[in-house]
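All figures in this text were calculated on a predicted structure; none of them were measured in a lab. Residues take their numbers from the sequence shown, with the count starting at 1.
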Amino acid sequence: MAASFFVLLALCLLLPLLLLGGWKRWRRGRAARHVVAVVLGDLGRSPRMQYHVLSLAKHGFSVTFLGFCNSKPRDELLQNNRIQIVGLTELQTLAVGPRVFQYGVKVVFQAVYLLWKLMWSEPGTYIFLQNPPGLPGIAVCWFVGCLCGSKLVIDWHNYGYSIMGLVHGPNHPIVLLAKWYERFFGRLSHLNLCVTNAMREDLAENWHIRAVTVYDKPASFFKETPLDVQHRLFMKLGGSHSPFRACSEPEDPAIERSAFTEWDAGSGLVTRRSRRPALLVSSTSWTEDEDFSILLAALEKFEQLTLDGHNLPSLVCVITGKGPLREYYSCVIRQKRFQNIQVCTPWLEAEDYPLLLGSADLGVCLHTSSSGLDLPMKVVDMFGCCLPVCAVNFKCLHELVKHDENGLVFEDSEELAAQLQMLFSNFPDPAGKLHQFRKNLQESEQLRWDESWVQTVLPLVTDI
């Protein structure tokens, strides 16, 4: 109960000051077509909330978007005059006192700071909040909504307490407190969105919260990348990451070469190189719910198969993302002595990430979900680029990945290694399974984010 006490104490202490400072703003009332969107995380790494904000702006709403500005959001968001980004300051964990004290101080600071920022922002008809993280955001946004008449909309991506449980254990007092907090304050929202039918059912049965399923869908810019754009991307990435560079320079000075493509300056044509490596891509937040030792073990088995004489290509494995375990796994990768596999871990610009997915041969997903109720958005993006996927199995993955139709599902490194061998045998093989999966994705009628949003969310927020 300590964190909730800290939140409520902070709200009570600051209420007189905020009432005094924000009274004139509240008296003006809330704009009928204005929305406040809140992420207590990095805006640049919160694609679903970016999509919500862009869709709101596209359909006539003005939006104030609050969050940490550690990574650059998409240019469409930065250049939209209907969207105002308000940066939040992130308090790093203190290195003084017991962990509970450190956590309590951080919660109090975030509660006070977020309350202050919200009270001095233009009030909106709705406050859209991403959860997780929801502590202390849900309570603060609900409180502000009560004061200025805004309706709280929670977009449930997962359960925050389940993520904390990966670090502290499911029965730790902080985890149990976070679970109580999410359940109690989550019921106070006016509208709830969630990412899977499994989560919608769990919220209804165990939390008594009614939610609407809004599946993640790829944005329009997730698509297959034209070959000339692929070449420019490979040349750009080759400037800082050696796996994208050609092993040797062409004799003809009119030829520009990457590890995968060649550009003839005379004809202007770009072609794929013969005997090019296969490009395998995975993206991650480098958190405890993704075990990259599975992929590394599978790559070791794949390497042994190539050394044993199997007809398999060399591999370039690109793992993109930021997160707490990135340095740990980077150290593990550096200790590997691969001969036919190159691994790199870049952080890509927002505009380059979909281009890379649209250029790759295979995607791998190791997301297992701390709650078992959310789906990996990275797979949604890969499918938008018609990129087949191998994904580790968990409770509700079947809502997205159809085994042996748009990809493959595996349980462990042995099964993943066998799938890599099967998919890359005789690469590139136009008659192979990898090509068939891509063809299935190309022929499927994939609904895009904005089309889905218009059908599911827009009717809910225009009914005011």
Problem set entry | Inter-residue atom distance Leu88.CG - Asn70.CG, 0.5 Å rounding | 10.5 Å
For this session: Could you tell me the separation between the OG atom of Ser55 and the CZ atom of Phe61, rounded to the nearest 0.5 Å?
Result: 11.0 Å
Exercise. Does a donor on one side chain and an acceptor on the other come within less than 3.5 Å for Arg82 and Ser62?
Worked result: no
Exercise. When the aromatic ring centroids of Trp142 and His190 are compared, is their separation below 6.0 Å?
Worked result: no
For this session: For the pair Tyr215 and Trp449, evaluate ring-ring contact (aromatic ring centres under 6.0 Å, His included) and give the outcome as yes or no after the intermediate values.
Result: CA-CA 9 Å; Tyr215 281 116; Trp449 169 267; over 10 Å; no
Exercise. Distance-only, no hydrogens or angles: does the Glu415 side chain make a donor-acceptor pair with backbone N or O of Phe410 under 3.5 Å?
Worked result: no
Exercise. Is any side-chain heavy atom of Val318 closer than 4.5 Å to a side-chain heavy atom of Pro346?
Worked result: yes
For this session: Before giving the answer on salt bridge (charged side-chain N to carboxylate O under 4.0 Å, His left out), spell out for Lys336 and Glu300 the whole-Å C-alpha distance, their side-chain angles and the decisive distance to 0.1 Å.
Result: CA-CA 9 Å; Lys336 303 294 181 183; Glu300 288 182 318; 2.9 Å; yes
Problem set entry | Short side-chain donor-acceptor distance under 3.5 Å, Asp155 and Gln130 | no
For this session: Measure from the side-chain N and O atoms of Thr345 to the backbone N and O of Thr320, and report whether any donor-acceptor pair falls under 3.5 Å.
Result: no
Problem set entry | Arg272 and Leu227, any side-chain heavy atoms less than 4.5 Å apart | yes
For this session: Identify whether NZ of Lys or CZ of Arg in Arg74 sits under 6.0 Å from the centre of the six-membered ring of Phe221 and within 45° of that ring's axis.
Result: yes
For this session: Decide whether His34 and Thr125 meet the rule of one side-chain donor and one side-chain acceptor closer than 3.5 Å.
Result: no
Seminar exercise, completed: Note: Gln342 and Pro243 closest approach over all heavy atoms is OE1-CA, 3.4 Å
Exercise. Which residue pairs satisfy the ring-ring contact (aromatic ring centres under 6.0 Å, His included) criterion with at least one member in residues 368-405, sequence neighbours excluded?
Worked result: His367-Phe394
Exercise. Strictly under 6.0 Å, is that where the ring centroids of Trp453 and Tyr51 end up?
Worked result: no
Exercise. Going by atom types only, do Glu256 and His231 share a side-chain donor-acceptor pair under 3.5 Å?
Worked result: yes
Seminar exercise, completed: Taking every heavy atom of Val409 against every heavy atom of Gln419, the minimum-distance pair comes out as O-NE2, 3.0 Å
Exercise. Any side-chain donor paired with an acceptor under 3.5 Å for Asp291 and Thr368?
Worked result: no
Problem set entry | Rounded distance (nearest 0.5 Å) linking atom CG of Leu357 with atom SG of Cys385 | 5.0 Å
For this session: May I ask you to decide if Met235's main-chain N or O and Ser258's side chain share a donor-acceptor pair within less than 3.5 Å?
Result: no
Problem set entry | Atom NZ of Lys402 with >12 non-hydrogen neighbours under 6.0 angstrom | yes
Problem set entry | Residues Thr287, Leu325; criterion side chain to side chain contact (heavy atoms under 4.5 Å, CB included); working and verdict | CA-CA 6 Å; Thr287 52; Leu325 296 179; 5.7 Å; no
For this session: Please check if the side chain of Glu303 supplies one atom and the backbone of Asn340 the other of a donor-acceptor pair under 3.5 Å.
Result: yes
Exercise. Is the cationic atom of Arg276 (NZ for Lys, CZ for Arg) positioned less than 6.0 Å from the six-membered ring centroid of Phe260 and within 45 degrees of its normal?
Worked result: no
Problem set entry | Pairwise side-chain contact, Leu355 with Val229, heavy-atom cut-off 4.5 Å (strictly under) | yes
Exercise. With side chains defined as the heavy atoms from C-beta onward, is the minimum distance between His59 and Asp450 less than 4.5 Å?
Worked result: yes
Exercise. Are any non-hydrogen side-chain atoms of Leu118 and Val38 less than 4.5 angstrom apart?
Worked result: yes
For this session: Report yes or no: do Tyr353 and Ser283 form a side-chain donor-acceptor pair below 3.5 Å?
Result: yes
Exercise. Does a side-chain heavy-atom distance below 4.5 Å link Cys390 with Leu416?
Worked result: yes
For this session: Indicate whether the side chain of Gln442 and that of Glu224 have a donor and an acceptor atom separated by less than 3.5 Å.
Result: yes
For this session: Supply the atom-to-atom distance Leu315 CG to Ile341 CD1, rounded to the nearest 0.5 angstrom.
Result: 5.0 Å
Exercise. Ignoring hydrogens and geometry, is there a side-chain-to-backbone donor-acceptor pair from Glu451 to Leu447 under 3.5 Å?
Worked result: no
Exercise. Taking the six-membered ring for Trp, are His172 and His168 parallel (under 30°), tilted (30 to 60°) or perpendicular (over 60°)?
Worked result: tilted
Exercise. Around atom NZ of Lys301, are there more than 12 heavy atoms of other residues, nucleotides or ligands at under 6.0 Å?
Worked result: yes
Problem set entry | Atom NZ of Lys223 with >12 non-hydrogen neighbours under 6.0 angstrom | no
Problem set entry | Test log, rule ring-ring contact (aromatic ring centres under 6.0 Å, His included), inputs Trp180 and Tyr161 | CA-CA 9 Å; Trp180 172 87; Tyr161 82 88; over 10 Å; no
Seminar exercise, completed: Of all heavy-atom pairs linking Ile163 and Ser370, the shortest is CG1-OG, 3.3 Å
Exercise. Considering only heavy atoms from C-beta outward, does the side chain of Pro136 approach that of Leu114 to under 4.5 Å?
Worked result: no
For this session: Give a yes or no on whether the ring-centroid distance for Trp263 and Phe234 is below 6.0 angstrom.
Result: no
Seminar exercise, completed: dist Leu362:CG -> Arg438:CZ (nearest 0.5 Å) comes out at 9.0 Å
Problem set entry | Asp361 and Leu423: CA distance, side-chain angles, deciding distance, side chain to side chain contact (heavy atoms under 4.5 Å, CB included) verdict | CA-CA 10 Å; Asp361 298 300; Leu423 293 173; over 6 Å; no
For this session: Classify the side-chain pair Ser162/Ser371 by whether it contains a donor and acceptor separated by less than 3.5 Å.
Result: no
Exercise. Is the count of non-hydrogen atoms from other residues, nucleotides or ligands lying under 6.0 Å from Arg210 atom CZ greater than 12?
Worked result: no
Exercise. Relative to the ring of Phe427, is the ring of Phe424 parallel (under 30°), tilted (30 to 60°) or perpendicular (over 60°)?
Worked result: perpendicular
For this session: Work out which heavy atom in Ala350 is nearest to a heavy atom in Pro354; give both atom names and the distance.
Result: O-CD, 3.2 Å
Exercise. Just wondering, do Asn131 and Ile138 contact through their side chains at under 4.5 Å, heavy atoms?
Worked result: yes
Exercise. Do Arg448 side-chain atoms and Phe222 backbone N/O form a donor-acceptor pair below 3.5 Å?
Worked result: yes
For this session: Answer with yes or no whether the side chains of Thr89 and Tyr113 bring together a donor and an acceptor at under 3.5 Å.
Result: yes
Exercise. Atom SG of Cys194 and atom CG of Asn158: how far apart are they, to the nearest 0.5 Å?
Worked result: 11.5 Å
Exercise. Will you find, in the side chains of Asn440 and Gln436, an N or O donor that is under 3.5 Å from an N or O acceptor?
Worked result: yes
Problem set entry | Within residues 365-387 or reaching into it, pairs that qualify as salt bridge (charged side-chain N to carboxylate O under 4.0 Å, His left out) - sequence neighbours excluded | Glu290-Lys378
Problem set entry | Candidate list Arg183, Glu182, Arg187, test side chain to side chain contact (heavy atoms under 4.5 Å, CB included), partner Ile209, passing option | Arg187
Exercise. Would you call Glu349 and Lys236 a salt bridge, using N to O less than 4.0 angstrom?
Worked result: yes
Exercise. Would you say the side-chain atoms of Thr196 pair up with the backbone N or O of Leu373, donor to acceptor, closer than 3.5 Å?
Worked result: yes
